[in-house]
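First up is the structure itself, then whatever we jot down about it.
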Amino acid sequence: MKNDQIKDRSMLNEIVQPLTDWYRQNKRILPWRDQNNAYYTWVSEIMLQQTRVEAVKPYFQRFIGELPDVQALAECPEEKLMKLWEGLGYYNRVRNMQTAARTVVCEYEGVLPASYEELLSLKGIGNYTAGAIASIAYQIPVPAVDGNVLRVISRITEDRQDIMKQSVHRQIEENLLGIMPKETPGDFNQALMELGAVVCVPNGSARCEACPVSEYCLAYRHGTVEELPVKAPKKERILQNRTVLVIQDGEKTAIQKRPEKGLLAGLYELPNLLGHLTREEVLDKVKNMQLEPLYIEKLPDAKHIFSHIEWRMTGYLIRVAALDTDGGLPFIFAEKKQSEKQYAIPSAFRAYVKYMKEESGK
DNA sequence: AATCCGGGGCA
DNA sequence: TGCCCAGGATT
């Protein structure tokens, strides 16, 4: 073991008890902390990936209400599952979780395995989540290193290495593994995360005066808290122009299923095309779809920002002649209310979904 | 090791 | 606007 690694470990060893004590006094009341249930821990940890606590709360309650155990999750129809996740983002999280749930039903009799390695082998459960479930639900002394923990540890040890690097992440995991308390690993892991979420926060607002371990923190001692953690600059977002079509046939509006892979995989959307199209180009496209346009109206522009792409959208409202029922079109024609109930449409389309036709006579 | 995958809240 | 969030899979 390297010299500074030994130093880091002995320093981190000092914080275990005071931090755990602090957590027990100050932890937030959260729905998934009500009872010790490995399934609840699992669902909450998956939802909390790259997602704030406040955003997760209502989704968690609804999810476990509809799908109270692993069995129910394993058997849930795809569309219902996506509706339960609609708006949370990173939709593969829930698909992977269902795949894992089926594995758990088949191979573990519906009970999440109480071992770090077996948890890690499940779809959608990586280093962090395996550590979180193992330590919180089963009191197994393994670390759970998320963005909070990386920030907290880099400050306490005043580590100026790039925390985005795998090597740094691995080193922090090893150091924490060496100091995990055998009795209460779950509380200690949650204490690190809670500290990062509530006290040792990013972007120039760390509340060091409220920190239970500031006396052990090198960055605090040296006044370098706001310089840490060090992160590599991120890539620029790609801009994409799109034209969104609100195609109405009497009472109904066309929606379609997105491809099973890639961005917003398998969700539903309003028909849309790459580029900003003119009225004439849109009419051409609509005719090519075997539809007969009767009326067209320009809709306002809108923008949606994903983590790596930015859509700059323009839109058209188009009324078309009633169709023969079969036709072989790629579209589903749905009323707004029905589509909202049945189909998961990502919020990227929010600005145009509101032009879908409401049910008549109301 | 780098890239993809959402959406929202906040300064 | 940019940053960050209880990350993981894929290439």
Side-chain angles (χ1 to χ4, degrees), chain A residues 23 27-28 30-33 40-60 82 85-97 99-100 119-137 143-152 162-170 173 186-198 200-206 226 229 231-238 258-267 269 303-311 344-350:
Chain A
Y23 173 70
K27 67 178 181 185
R28 292 168 290 178
L30 301 174
W32 45 92
R33 287 179 177 167
Y40 289 2
T41 305
W42 181 24
V43 172
S44 69
E45 290 300 342
I46 298 297
M47 285 185 171
L48 286 162
Q49 288 170 5
Q50 302 300 125
T51 309
R52 312 230 170 219
V53 166
E54 288 309 315
V56 166
K57 279 181 184 173
Y59 282 90
F60 175 81
M82 299 319 291
W85 210 263
E86 181 183 16
L88 260 186
Y90 285 131
Y91 297 92
N92 271 332
R93 289 185 290 177
V94 70
R95 278 192 259 266
N96 290 339
M97 187 164 59
T99 301
L119 288 167
L120 189 59
S121 75
L122 294 170
K123 193 86 169 175
I125 297 186
N127 264 348
Y128 163 75
T129 307
I133 298 173
S135 64
I136 296 170
V145 177
D146 70 342
N148 287 312
V149 178
L150 288 173
R151 183 173 58 257
V152 169
D162 178 2
I163 59 162
M164 298 307 283
K165 287 193 168 175
Q166 232 172 268
S167 58
V168 176
H169 189 115
R170 199 163 48 235
E173 275 185 342
D187 280 355
F188 177 60
N189 280 337
Q190 291 183 88
L192 280 170
M193 293 189 271
E194 192 90 348
L195 188 73
V198 177
C200 196
V201 293
N203 299 332
S205 36
E226 294 305 344
K231 296 181 85 164
K234 45 146 188 26
K235 226 181 66 172
E236 236 176 279
R237 249 192 298 271
I238 291 171
R258 290 182 60 85
E260 297 299 339
K261 285 191 179 291
L263 184 68
L264 304 170
L267 276 68
E269 65 178 0
K303 181 170 71 172
H304 185 82
I305 300 174
F306 300 94
S307 46
H308 57 302
I309 303 173
E310 180 173 331
W311 280 359
I345 299 178
S347 54
F349 295 95
R350 186 175 300 158

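Protein chains get the first letters and strands the later ones, always in sequence-line order, with residue 1 at the start of each. Just so we're clear, the structure is a prediction, and the values are computed from it rather than from any experiment.
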Tell me: [atom1] of [X] to [atom2] of [N], nearest whole Å?
{"X": "Trp85(A)", "N": "dG8(C)", "atom1": "CH2", "atom2": "P", "answer": "13 Å"}
{"X": "Leu48(A)", "N": "dG8(C)", "atom1": "CG", "atom2": "P", "answer": "12 Å"}
{"X": "Arg237(A)", "N": "dT1(C)", "atom1": "CZ", "atom2": "C1'", "answer": "9 Å"}
{"X": "Met193(A)", "N": "dG7(C)", "atom1": "CE", "atom2": "P", "answer": "9 Å"}
{"X": "Ile309(A)", "N": "dG7(B)", "atom1": "CD1", "atom2": "P", "answer": "11 Å"}
{"X": "Gln50(A)", "N": "dC3(C)", "atom1": "CD", "atom2": "P", "answer": "15 Å"}
{"X": "Leu88(A)", "N": "dG9(B)", "atom1": "CG", "atom2": "C1'", "answer": "14 Å"}

Side-chain N,O ([X]) to OP1/OP2 ([N]) below 4.0 Å:
{"X": "His308(A)", "N": "dC5(B)", "answer": "yes"}
{"X": "Gln49(A)", "N": "dA6(C)", "answer": "no"}
{"X": "Tyr90(A)", "N": "dC4(B)", "answer": "no"}
{"X": "Arg151(A)", "N": "dC5(C)", "answer": "yes"}
{"X": "Asn92(A)", "N": "dC5(B)", "answer": "no"}
{"X": "Arg350(A)", "N": "dG8(B)", "answer": "yes"}
{"X": "Ser205(A)", "N": "dA11(B)", "answer": "no"}
{"X": "His304(A)", "N": "dG7(B)", "answer": "yes"}
{"X": "Lys261(A)", "N": "dC5(B)", "answer": "no"}
{"X": "Lys303(A)", "N": "dT1(C)", "answer": "yes"}

Taking atom NZ of Lys165(A) and atom CZ of Arg170(A), what is their separation to the nearest 0.5 Å? 12.0 Å
Ala132(A) vs Leu122(A), nearer the 5' end of DNA chain C by closest nucleotide: Ala132(A)
Please compare Leu120(A) and Leu30(A) by the position of their nearest nucleotide in DNA chain C and report the one closer to 5'.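 Looking at the nearest nucleotide for each, Leu30(A) comes out on the 5' side.
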Looking for any heavy atom pair under 4.0 Å, which part of the strands does [X] touch: base, sugar-phosphate only, or nothing?
{"X": "Asn96(A)", "value": "sugar-phosphate"}
{"X": "Gly196(A)", "value": "nothing"}
{"X": "Gln166(A)", "value": "base"}
{"X": "Arg33(A)", "value": "base"}
{"X": "Arg95(A)", "value": "nothing"}
{"X": "Lys165(A)", "value": "nothing"}
{"X": "Gly87(A)", "value": "sugar-phosphate"}
{"X": "Ser44(A)", "value": "nothing"}

Suppose we call a contact any N or O donor and acceptor under 3.5 Å apart; does that hold for the side chain of Ser347(A) and the base of dG8(B)?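 Per atom types, no contact qualifies.
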Does the base of dC4(C) carry an N or O that pairs as donor and acceptor with the side chain of Arg52(A) under 3.5 Å? yes
From the set [options], return the single nucleotide nearest to any side-chain atom of [X].
{"X": "Asn203(A)", "options": "dA6(C), dG6(B), dC4(C)", "answer": "dC4(C)"}
{"X": "Trp32(A)", "options": "dG8(C), dA6(C), dC4(B)", "answer": "dA6(C)"}
{"X": "Thr51(A)", "options": "dC4(B), dG7(C), dG6(B)", "answer": "dG6(B)"}
{"X": "Lys123(A)", "options": "dA9(C), dG6(B), dG8(C)", "answer": "dA9(C)"}
{"X": "Asp146(A)", "options": "dG6(B), dG8(C), dA6(C)", "answer": "dA6(C)"}

Identify the heavy atoms of Tyr23(A) and Ala191(A) that sit nearest to each other, and give their distance.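 Reported closest heavy-atom pair: CB-CB, 3.4 Å.
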Can you name the closest pair of heavy atoms from Glu86(A) and Tyr59(A) and give their distance? O-OH, 2.7 Å
Take Ile305(A) and Arg170(A), find for each the nucleotide of DNA chain B with the closest heavy atom, and name the residue whose nucleotide sits nearer the 5' end. Arg170(A)
Using a 3.5 Å distance criterion without hydrogens, assess whether the side chain of Arg33(A) forms a donor-acceptor pair with backbone atoms of Lys27(A). no
For a 4.5 angstrom cut-off between non-hydrogen side-chain atoms, does Glu194(A) reach Asn148(A)?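 No, their side chains stay 4.5 Å or more apart.
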Within the 4.5 Å heavy-atom criterion, are Ile46(A) and Val94(A) side-chain neighbours or not?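 Counting from C-beta outward, Ile46(A) and Val94(A) never come under 4.5 Å.
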Centres of the Phe60(A) and Trp32(A) rings: under 6.0 Å?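 Ring centres of Trp32(A) and Phe60(A) closer than 6.0 Å.
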Centre-to-centre under 6.0 Å for Trp85(A) and Tyr90(A), is that the case here? no
Please measure how far the C1' atom in dC4(C) lies from the corresponding atom in dG6(B), and state the result in whole Å.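 Between the two C1' atoms, the distance is 13 Å.
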